Amino acid sequence: MLQAEGVWFRYARDRPWVLTGDDLGIEAGEVLGLCGPSGGGKSTLGRVLAGHLRPDRGRVTVDGAVPRPRRAPHPVQLVLQQPERAIDPRWTVRQALAATGAELDGLDERLVHRDWLDRYPHEISGGELQRVNLARALLVRPRYLVADEISASLDAVTQARIWTLLLEHCREAGIGVLAISHDRPLLETVAGRVLDRSPVPDAAG
Amino acid sequence: MTGTLLEVHGLEVDFVQYERGLRRRTVHALTGMDLTADAGEVVALVGASGAGKSLLASAVLGLLPANAVERGNVLFDGVRQDAAGRRRHAGRGMTLLPQATGFLDPLATVGRQVRRSAQLAGHDDPRGAAAQALARRGLGPEVLRRYPHELSGGMARRVLVAMATLSSPRVLLADEPTTGLPPADVGATLRELRTMADEGCAVVLITHELRAALEVADHVVICREGRTVDTADPAAFTGDGDALTHPFTRALWQALPGNGFRVAEGV
């Protein structure tokens, strides 16, 4: 289980709290939706869960222990909205995937076609690059995946295709998913249950 | 105040880029855009990011960078205009409501920027017009003294709307005006665009959110990978999409969460 226990976070000591004692639990293999207006701390919570940000108080545990990845990849992987910012434009798709340190044999070929491997990010479409981005996160065999607005800039057909592929992979591998989006109908379609996060009064502008 | 205000026919845009050394290559960014907007209409231009929607707006306003090569015809108020001619109408007759709040000057107060817009639009009392334009959108006089970084996303968006509408444009190109806004603000922004159209403006609403577009649009133009593929009637987006003639438009509708989330093959 991926669990946040009484997590508090603020970006600086003179900034308002973004997370105020948040609790959240995701079972292995579960898809949990998280929605709410912008500025509500959804993405911050996702970053804390994936270990990109350290909570000021409280803790995040994976299967009962605080993850301390030194040489191994973090068991919670984060995927963001814009794949073009997540992948070095001077690397081919193969190089970007190989940089994870994992063997490319484990690559999900439903997500990434073999003939994309030797292309550069600008030589495939935005939807295809997002599939590469997802495949890269899955290549390190995470236990959990935080998908933060991963389809927000894609057309509806590409969105449906990406989610179908992702859910299939996660169901097979027993990966728990936190799906963050402002799009409630999307979450109701992909997630088993949906949490609505209202903005923290202090943080709302 | 009727008639076609904006016509775009077969607009193509290429970018010439240098890769290593002097090796040049041409990127075909727009490969055939068609769009017509009449006075009193909201025309929605719908497509994924990267499909060329924002680029169309820049091209229409004659704001493309120097390495762009453009083909096709753009008519404003029935007269064919080259890029330089269109640039002269930019902000005077044809106005962009920009997508990003980064279009505000970070070093100038909101009041100064809105007053400048009012001045350029020829208002006799820019100060009064600016305050009034903000007040109409629920922003008090204290906002005039703030800098852009002191505004929330929604407030900055309302400031941009105020600036874009001060010149009473005949054609308004609204580029993703609702992205990232809470639902209540989305509704208010779309209603404002609808009102402008009802008062005789031709509004082009650029968005990747099909559902939001359907609420206010008179026509929906679908674009994909640099070209427009279909123009549809919003009323046809209903049920299983049987009334939609183009396969890609139907696939878009059926792929929406709530409409089946179906992945169509071969479109």
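Just so it is clear: chains get the letters A, B, ... in the order the sequence lines come, proteins before strands, and each one is counted from 1. Note that the structure is a prediction, hence the values are computed from the model and not measured.
- Looking at B:Glu209, the atoms closer than 4.5 Å to chain A (heavy atoms on both sides) all sit in the side chain, from C-beta outward.
- The distance from atom CZ of B:Arg224 to atom OG1 of A:Thr158, rounded to the nearest 0.5 Å, is 7.5 Å.
- Side-chain contact between B:Pro257 and A:Gln159 is present, with heavy atoms from C-beta onward closer than 4.5 Å.
- No donor-acceptor distance shorter than 3.5 angstrom exists from the side chain of B:His208 to the backbone of A:Ala156, with no hydrogens or angles considered.
- Across A:Arg184, A:Glu188, A:His122, the residue that shares the most heavy-atom pairs under 4.5 angstrom with chain B is A:His122.
- With a 6.0 Å radius and a threshold of 12 heavy atoms from other residues, nucleotides or ligands, B:Arg25 has its CZ atom above the threshold.
- Contact annotation for A:Leu186: both backbone and side-chain heavy atoms come within less than 4.5 Å of a heavy atom of chain B.
- Atom CZ of A:Arg141 is surrounded by 12 or fewer heavy atoms from other residues, nucleotides or ligands within 6.0 Å.
- Contacts between residues 75-106 of chain A and chain B, defined by a heavy-atom separation under 4.5 Å, are made by no residue at all.
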Could you tabulate the donor-acceptor pairs under 3.5 Å formed by side-chain atoms of residues 228-235 of chain B, not counting sequence neighbours?
unit_1, atom_1, unit_2, atom_2, d
B:Thr228, OG1, B:Asp34, N, 2.9
B:Asp230, OD2, B:Thr249, OG1, 2.7
B:Asp233, OD1, B:Ala235, N, 3.0

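- Using a 4.5 Å cut-off between heavy atoms, B:Arg211 makes no contact with chain A at all.
- Atom CZ of residue B:Phe248 and atom CG of residue A:Asp155 lie 4.5 Å apart, to the nearest 0.5 angstrom.
- Within 6.0 Å of CZ in B:Arg145 there are 12 or fewer heavy atoms belonging to other residues, nucleotides or ligands.
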